[in-house]
Number of protein chains: 2
Amino acid sequence: MRADAQRNRDRLLDVAKEVVEEHGTQASLRDIARRAEVGMGTLYRHFPTRDALLEALLGRRFDRLAERADALADSREPAEALRVWVGEFVAGGAPYRGINASMIATLQDPTSALHASCAAMRNAGTRLLQRAQQAGDVRNDVDGLDLFALINAVGWITEQAESIAERRAHLVSLVLDGLTH
Amino acid sequence: MRADAQRNRDRLLDVAKEVVEEHGTQASLRDIARRAEVGMGTLYRHFPTRDALLEALLGRRFDRLAERADALADSREPAEALRVWVGEFVAGGAPYRGINASMIATLQDPTSALHASCAAMRNAGTRLLQRAQQAGDVRNDVDGLDLFALINAVGWITEQAESIAERRAHLVSLVLDGLTH
DNA sequence: TTGACAAGTGGAACGTCGCTCCGGTTATCT
DNA sequence: AGATAACCGGAGCGACGTTCCACTTGTCAA
């Protein structure tokens, strides 16, 4: 990649991070290009779809959550590991409004640039869940998709209203209690 | 109201119902006007905001859910009444994609045309919850907002993916079990 | 060092949207 | 029948996502 292209790419990512934290994953692409002092063509050259841009922003976050799940599996009791991970999952999505909707959309679209890292993260969560089930801590009629659906649901609702966001930990706790024996 | 105005209003509502069921609460207003064979001015004259249009479409639905809560309170055991109502709440929102987001937004904006009927419905749900708590069926560290948040969260997630929608009843059941002793 | 050219760029253009506004039309009442 | 208030359609504005292409510039071989 040419040096000027690399500069523009870096600059776009910096600005995109800022704008997405401010306006969510539905932020205006034009606005991002404008703030990066770059034409629309340049933005689209580097990130042909909105997902491609989000992938660069969120992919690492997903990877880190997947790693975190594995680390917790090694260091904590099954039920507690699951609890901690879910808490971090929900809290971690907070700064990026719309991230939960993006995750669900991504997971259904195998062509999405985010698909792989998102699926890997979901699988890591599933492993934590199964471990807790084998330990007898979690009821057996729950699978990874149930877990993923519920934690995204709670993540989503906590970004809809400040009064609900304040209860994030409580809502997570209520839902997890429903999964626990 | 003049006869022609009434005709246009009725026609707009018919078409809006159709289009919203097809495209969700974020449906294009221009599209609604077009399909109703009416100008944008006419649409905005009758429904000055998107909420005003939704109010006409969804208000009755909310009222009916509120009444339903009261009826269930009279005819069922507290825990079962809550369970049935929550199930109907979540299932009933299914045909209108985006309804859960609209409800949360509406509830935070007292100027919204939908605010009153939405708040009334939430209060009806809260009464069912409190009744179940007094009967000792539901844990006491849950309030009406927790309940409302959770059922909207589940409602929302079930409109995000067909594979999740299939599990609607199961997810509702998991969440309710978390509230139950 | 220089020249050719692939790689990279910016922004105009198109069709969409929500929303406002207004000149023309028409139902209704006297 | 005529006046008039209510009602109408759609043009216009500034935003959006996305595509496209004429122009500029970094790079590398000669």
Side-chain angles (χ1 to χ4, degrees), chain A residues 1-16 18-20 22-58 96-99 101-102 105-106 109 111-114, chain B residues 1-58 96-99 101-102 105-106 109 111-114:
Chain A
M1 172 144 44
R2 253 166 59 171
D4 55 342
Q6 184 67 57
R7 261 198 312 277
N8 275 333
R9 200 193 142 86
D10 293 346
R11 190 185 183 93
L12 276 167
L13 272 180
D14 281 352
V15 170
E18 212 175 274
V19 175
V20 167
E22 195 173 322
H23 292 103
T25 55
Q26 291 309 311
S28 155
L29 298 183
R30 212 182 218 92
D31 191 30
I32 292 174
R34 228 174 353 232
R35 288 211 219 175
E37 293 175 309
V38 136
M40 291 300 291
T42 302
L43 188 153
Y44 272 87
R45 160 175 296 270
H46 289 295
F47 307 102
T49 67
R50 179 179 230 100
D51 265 7
L53 182 54
L54 289 179
E55 137 77 8
L57 286 181
L58 303 180
Y96 280 169
R97 216 165 347 116
I99 190 179
S102 296
T106 276
D109 172 17
T111 70
S112 157
L114 268 171
Chain B
M1 174 143 40
R2 254 166 60 171
D4 54 345
Q6 183 68 58
R7 262 197 313 276
N8 275 332
R9 197 192 142 86
D10 292 346
R11 190 186 183 95
L12 276 168
L13 273 181
D14 281 353
V15 171
K17 181 173 192 300
E18 213 175 273
V19 176
V20 167
E21 278 170 7
E22 195 173 322
H23 291 105
T25 56
Q26 291 309 310
S28 154
L29 297 184
R30 210 180 220 96
D31 190 31
I32 293 174
R34 227 172 357 229
R35 287 211 220 176
E37 294 176 310
V38 137
M40 291 298 290
T42 303
L43 187 154
Y44 272 88
R45 162 174 296 271
H46 289 296
F47 307 102
T49 67
R50 178 179 232 103
D51 265 7
L53 182 54
L54 289 180
E55 137 78 9
L57 286 182
L58 304 180
Y96 280 170
R97 215 165 347 116
I99 192 179
S102 296
T106 277
D109 172 16
T111 71
S112 157
L114 269 172

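Note: hydrogens, waters and symmetry copies are ignored here, and every other heavy atom, side chains too, is used. So you know, we letter chains A, B, ... as the sequences are listed, proteins then strands, and number each from 1.
- Where A:E37 and B:M1 each meet DNA chain C at their nearest nucleotide, the meeting point lying more 5' is that of A:E37.
- Within residues 43-58 of chain B, the residues approaching DNA chain C are B:Y44, B:R50, by heavy-atom distance under 4.0 Å.
- Residue-level contact check: A:R34 touches the backbone only, with heavy atoms under 4.0 Å from sugar-phosphate atoms and none from bases.
- Going from atom CG of B:D31 over to atom C1' of C:dG15 covers 14 Å, rounded to whole Å.
- Comparing B:R30 and A:R9 by the nucleotide of DNA chain C that holds the closest heavy atom to each, the one mapping nearer the 5' end is A:R9.
- B:R7 places its CZ atom 10 Å from the C1' atom of C:dA27, with the value rounded to the nearest Å.
- Remark on DNA chain D: of its neighbouring residues A:Q26 and B:G39, the 5'-side contact belongs to B:G39, judged by nearest-heavy-atom nucleotide.
- The CZ atom of A:R45 sits 12.0 Å away from the CG atom of A:L43 when rounded to the nearest 0.5 Å.
- Between the CD1 atom of A:I32 and the C1' atom of C:dG10 there is a distance of 17 Å, rounded to whole Å.
- Counting only heavy atoms from C-beta outward, the side chains of A:L29 and A:L53 approach each other to under 4.5 Å.
- Of the listed residues (B:R7, B:R2, B:Q6), just one forms a side chain to side chain donor-acceptor pair (under 3.5 Å) with B:D4, and that residue is B:R2.
- Rounded to a whole Å, the CZ atom of A:R2 is 4 Å from the C1' atom of D:dG26.
- Judged purely by distance below 3.5 Å, without hydrogens or angles, the side chains of A:S112 and A:D51 pair a donor atom with an acceptor atom.
- At a threshold of 4.0 angstrom between heavy atoms, the contacts of B:A27 are confined to the sugar-phosphate backbone, with no base atom among them.
- Taking the side chain of A:V38 as heavy atoms from C-beta on, and the options C:dG10, D:dT19, D:dA6, the nearest nucleotide is C:dG10.
- Straight-line distance from the CG atom of A:L29 to the P atom of C:dC17: 18 Å, rounded to whole Å.
- Distances shown here put a side-chain N or O of A:T42 below 4.0 Å from the OP1 or OP2 atom of C:dG10.
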Go through the steps to decide whether A:Q26 and A:R97 satisfy the test side chain to side chain contact (heavy atoms under 4.5 Å, CB included), and finish with yes or no. CA-CA 8 Å; A:Q26 291 309 311; A:R97 216 165 347 116; over 6 Å; no

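- Residue contacts shown for B:N8 are limited to sugar-phosphate atoms, with no base heavy atom under 4.0 Å away.
- Counting only heavy atoms from C-beta outward, the side chains of A:R35 and A:D31 approach each other to under 4.5 Å.
- Atoms CG (A:D4) and C1' (C:dG8) sit 6 Å apart, rounded to a whole Å.
- For the OP1/OP2 pair of D:dG17 and a distance below 4.0 Å, the side-chain nitrogens and oxygens of A:S28 include at least one atom meeting the criterion.
- The nucleotide whose nearest atom lies closest to any side-chain atom of B:M40 is, among D:dG26, D:dA6, D:dG10, D:dG10.
- One distance of note links CE of B:M1 with NE2 of B:H46; it measures 6.5 Å at 0.5 Å rounding.
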